[in-house]
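Heads up: the structure comes next, in structure tokens.
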Amino acid sequence: MNWVTTLKMIIVLSTCFFFISVNGMMLFVLRSKPCFRETPRYILFAHMLLNDSIHLLISMLLYILAMLYLHLVRAVCAVLVLLSSTTFYNTPLNLAVMALERYIAICFPLRHSEMATPQRTGVAIAVVWFLGSVNHLIDVFVPLITEPSFLLTPVFCTREQILMFKWQANAYQGFTAFYFVCVGLILVFTYVAIMLEAKSVSSDKASVTKARNTVLLHTIQLCLCLTSFLYGVIEALIARMDASVFIHLRYMNFIVLLILPRCLSPLIYGLRDESLKPIFKYYLTCGSKKVKPVSNFK
């Protein structure tokens with residue numbers, strides 16, 4: 001292993017470990033107060049943190065295996081790819097649910113406590129995991145049913161290695177396009193509705209500005225995750241280039257489109273939240289900063 005490869009691995013591992021630690025700290029903060037544990041938007045945020053941490057861990061493991069050219073039995077590879085792919089799709093789907101929760105809170109405030117309960121939030125999270133995993137479960141069960149011995153051969157672990165038929169790759173592209181369009185439509189619908197509601201019911205310019213900033217930051221957050229859908233497309237394009245160029249561009253593609261969005265998205269949401277930010281800073285500075293009472297959970 002040359003120094004360039006070693007440096008690349010150090011950058012990936014240190015970045016993943018750092019943001020997994022930050023996510024873990026945020027999860028601890030969310031678990032430290034009952035008001036966070038019982039509020040739907042914080043339950044969804046905690047789920048996003050846990051999901052993205054799992055995704056970073058699996059991505060880091062697969063990257064190490066790739067760098068060391070280690071082979072795995074297809075069955076083990078299929079489990080890792082299943083976890084990686086499911087958590088990959090879960091984040092934009094979870095953000096779509098978060099957008100719908102904010103839409104209900106602002107456009108239907110009198111019914112919000114009835115419609116967005118912790119129990120229903122749990123059901124929404126279960127639906128997110130089902131939608132995120134259904135296509136990848138099909139990829140795992142197809143060889144299990146048709147040719148079980150296929151899963152016993154050692155391979156270089158990538159998603160393509162667990163596919164037996166061409167239609168599976170086409171189905172993957174179809175699911176990706178479907179999720180991209182659905183999440184994008186939910187984003188546009190909910191935040192346009194929020195902006196119209198904010199302008200129609202509030203004469204306070206400060207409130208309208210705050211709503212506009214919230215829309216902007218949530219849009220950036222969701223767009224960061226949606227850019228991950230471009231990973232496969234860009235990799236297919238750069239695969240046609242010279243092998244030495246392809247290796248470096250694939251690494252940049254991996255960092256920019258897969259790792260950084262999962263790292264920055266929770267940070268954008270967590271550090272902006274007025275109730276969460278002071279407590280997070282308190283733990284981040286080991287208790288050297290005072291914390292204001294948590295009182296605003298609208």
Side-chain angles (χ1 to χ4, degrees), residues 17-57 86-87 90-132 186 190-191 194 197-198 207 210-211 213-215 217-218 221-222 225 262-298:
F17 274 126
F18 174 75
F19 283 102
I20 288 172
S21 300
V22 172
N23 288 356
M25 189 177 300
M26 286 190 178
L27 279 170
F28 178 77
V29 170
L30 291 168
R31 293 292 301 173
S32 66
K33 301 286 184 181
C35 49
F36 289 137
R37 297 197 299 267
E38 298 168 3
T39 305
R41 67 185 173 118
Y42 290 114
I43 295 173
L44 290 169
F45 178 50
H47 172 250
M48 183 174 69
L49 290 172
L50 179 61
N51 178 83
D52 285 354
S53 296
I54 294 172
H55 183 76
L56 286 173
L57 278 172
T86 300
T87 51
N90 281 358
T91 297
L93 292 172
N94 190 76
L95 285 170
V97 177
M98 293 173 76
L100 289 171
E101 189 275 332
R102 286 292 85 199
Y103 165 73
I104 294 171
I106 294 174
C107 298
F108 304 97
L110 298 179
R111 299 190 60 192
H112 178 256
S113 59
E114 174 190 348
M115 297 173 68
T117 64
Q119 292 76 20
R120 289 184 176 180
T121 304
V123 172
I125 290 173
V127 171
V128 164
W129 276 88
F130 172 75
L131 292 176
I186 290 173
T190 55
Y191 287 125
I194 288 172
E197 185 71 14
S207 298
K210 186 176 179 180
N213 290 339
T214 300
V215 172
L217 286 174
H218 280 245
Q221 183 187 17
L222 193 52
C225 292
R262 292 304 188 274
C263 295
L264 296 178
S265 182
L267 209 59
I268 290 172
Y269 188 94
L271 292 183
R272 184 187 177 275
D273 189 274
E274 294 178 358
S275 299
L276 190 60
K277 182 168 65 174
I279 304 177
F280 175 67
K281 284 185 176 180
Y282 173 81
Y283 286 108
L284 188 64
T285 57
C286 301
S288 62
K289 289 184 176 292
K290 294 183 178 180
V291 181
K292 296 180 181 179
V294 179
S295 58
N296 183 14
F297 282 91
K298 295 180 181 180

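If you're wondering where the values come from, they're calculated on a predicted model, not measured in any experiment. Starting from 1, each residue takes its place in the sequence as its number. Both backbone and side-chain heavy atoms feed into the values below; hydrogens, waters and symmetry mates do not.
The OH atom of Tyr103 lies 8.5 Å from the CE atom of Met115; values are rounded to the nearest 0.5 Å. A distance of 11.0 Å separates CE in Met98 from OG1 in Thr121, rounded to the nearest 0.5 Å. We find the CH2-CG distance between Trp129 and Asn94 to be 10.0 Å, quoted to the nearest 0.5 Å. Rounding to the nearest 0.5 Å gives a distance of 11.0 Å between CG of Leu100 and SG of Cys107. Separating the NE2 atom in His55 from the CG atom in Asn23 is a distance of 12.0 Å, to the nearest 0.5 Å.
No side-chain heavy atom of Arg37 sits less than 4.5 Å from a side-chain heavy atom of Leu30. Within the 4.5 Å cutoff, the side chain of Thr87 has no heavy atoms near those of the Asp52 side chain. Put simply, the side chain of Arg102 reaches to within 4.5 Å of the side chain of Arg41, judged on heavy atoms. No side-chain heavy atom of Val22 sits under 4.5 Å from any side-chain heavy atom of Leu49.
Shown here for Ala124 and Val97, the closest heavy-atom pair between the two residues is CB-CG1, 4.0 Å. Counting all heavy atoms, side chain and backbone alike, Thr190 lies closest to Ala99 at OG1-CB, 3.6 Å. Closest of all the heavy-atom pairs between Ala116 and Glu101 is CB-CG, 4.4 Å.
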- List the steps, then state whether side chain to side chain contact (heavy atoms under 4.5 Å, CB included) holds for Ile43 with Ile125. CA-CA 9 Å; Ile43 295 173; Ile125 290 173; 4.0 Å; yes
- Task: Apply ring-ring contact (aromatic ring centres under 6.0 Å, His included) to the pair Phe45 and Phe36, showing each step before the final yes or no.
- Result: CA-CA 10 Å; Phe45 178 50; Phe36 289 137; 9.4 Å; no
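For Arg111, the CZ atom sits in a loose shell: 12 or fewer heavy atoms of surrounding residues, nucleotides or ligands are nearer than 6.0 Å.
At a cut-off of 3.5 Å, with distance as the only test, a side-chain donor of Asn51 or Thr91 sits close to an acceptor on the other residue.
Within the 3.5 Å criterion, the main-chain N or O of Tyr42 finds no donor-acceptor partner in the side chain of Thr39.
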